[in-house]
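Note sheet for the following structure.
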Amino acid sequence: MRQEHTELEFSGKYDEQHSHAYFNKHQAGFWRRQSHARDVSLARKALKLAGNPDSILDLPCGAGRFWPMLTTTGASRLLAADNSQAMLDIATRYQPPAISERFETFQTSAFAIELPDASVDNIFCMRLIHHVGEANNRMTLLREFHRVCRQSVCISLWVDGNLQAHRRRKLEASRKRKQYQNRFITDRNIIESEFAAAGFRVTAALDFLPLLSIWRVYVLEKDPQSLPQGAEHGTSRHE
Ligand SMILES: C[S@@+](CC[C@H](N)C(=O)[O-])C[C@H]1O[C@@H](n2cnc3c(N)ncnc32)[C@H](O)[C@@H]1O
């Protein structure tokens with residue numbers, strides 16, 4: 001059995017108070033609601049491009065803001081997990097019972113998912129990997145996704161090559177003292193080579209607002225022949 005112990009500083013902030021704030025954030029005001037609606041529509045498109053998977057793991061599910069959409073995809077099995085039990089509690093408390101009852105929920109780290117190999121068709125990962133600044137940690141996460149999914153991954157992150165990223169990089173460069181940073185822009189060619197090294201092919205890239213927005217959703221197809229580079233043969237955490 002192999003154990004991963006990747007811990008991110010930002011993961012610790014999702015206590016009960018922060019989880020409440022996160023739930024409210026995406027419903028507060030006209031522009032937030034528009035942005036949330038665009039997130040949901042891009043995510044739905046990504047799942048269609050992934051072939052409408054029959055089983056989906058929403059990780060991290062946060063406050064469950066994608067759950068209503070996920071129940072409309074036709075998937076027969078829906079799982080939702082998060083590192084924070086407080087987030088899971090908020091999601092199950094505030095989503096309507098007819099929605100939340102469709103989900104098998106559990107607490108887990110995305111770096112060491114408590115599921116057997118190849119146990120879901122798709123991993124649906126919104127707004128996590130842009131918090132992972134180190135390439136070796138991103139690789140741990142992507143390899144874990146490769147182990148657990150059978151077919152595909154839909155993943156959102158911050159990429160370069162747009163106005164928002166350009167402005168943010170200028171702002172970061174102008175700061176005199178290095179501030180605590182918990183969100184990172186990744187160059188598109190770097191993240192795409194990391195996907196390939198982890199055993200995935202990019203099948204689509206969907207931009208929130210082309211050329212303007214920093215957010216992009218990738219649809220990745222698992223290459224069943226490929227073992228991720230550097231992965232040891234025969235190691236499985238859940239054999
Ligand atoms: C920005 S929220 C995104 C939640 C949801 N996907 C969404 O878009 O609304 C980040 C989430 O990642 C979770 N998280 C942080 N570290 C994690 C880890 N190592 N494994 C799994 N989830 C983690 C947090 O608890 C939080 O719910």
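Ligands are counted one by one from 1 in listed order, and the atoms in each one are counted from 1 as well. What you see is a predicted model, and the numbers here were worked out from it, not measured in a lab. Note that these values count all heavy atoms, side chains included, but never hydrogens, waters or copies made by symmetry.
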**Asked** Salt bridge or not for Glu172 and Arg169, using N-O below 4.0 Å?
**Response** no
**Prompt:** Are Asp39 and Arg65 close enough for a salt bridge, meaning some N to O gap below 4.0 Å?
**Reply:** yes
**Message:** Is the distance from the ring center of Phe200 to that of His146 below 6.0 Å?
**Reply:** yes
Sub-3.5 Å pairs, protein N or O with ligand 1 N or O:
residue  : atom   : partner : partner atom : Å
ligand 1 : 6 (N)  : Pro60   : O            : 2.6
ligand 1 : 6 (N)  : Met126  : O            : 2.8
ligand 1 : 8 (O)  : Arg65   : NE           : 3.3
ligand 1 : 8 (O)  : Arg65   : NH2          : 3.1
ligand 1 : 9 (O)  : Tyr22   : OH           : 3.0
ligand 1 : 9 (O)  : Arg65   : NE           : 2.6
ligand 1 : 16 (N) : Ser11   : OG           : 2.6
ligand 1 : 20 (N) : Ala110  : N            : 2.8
ligand 1 : 22 (N) : Asn83   : N            : 3.3
ligand 1 : 25 (O) : Asp82   : OD1          : 2.6
ligand 1 : 27 (O) : Asp82   : OD1          : 3.3
ligand 1 : 27 (O) : Asp82   : OD2          : 2.7

**Message:** A cation-pi test, strictly: NZ or CZ of Arg127 under 6.0 Å from the centre of the six-membered ring of Trp158 and no more than 45 degrees from its axis. Yes or no?
**Reply:** no
**Asked** Do other residues, nucleotides or ligands put more than 12 heavy atoms under 6.0 Å from the CZ atom of Arg93?
**Response** yes
**Trace of the side chain to side chain contact (heavy atoms under 4.5 Å, CB included) decision for Leu47 with Met69** = CA-CA 10 Å; Leu47 285 164; Met69 177 277 284; 4.0 Å; yes
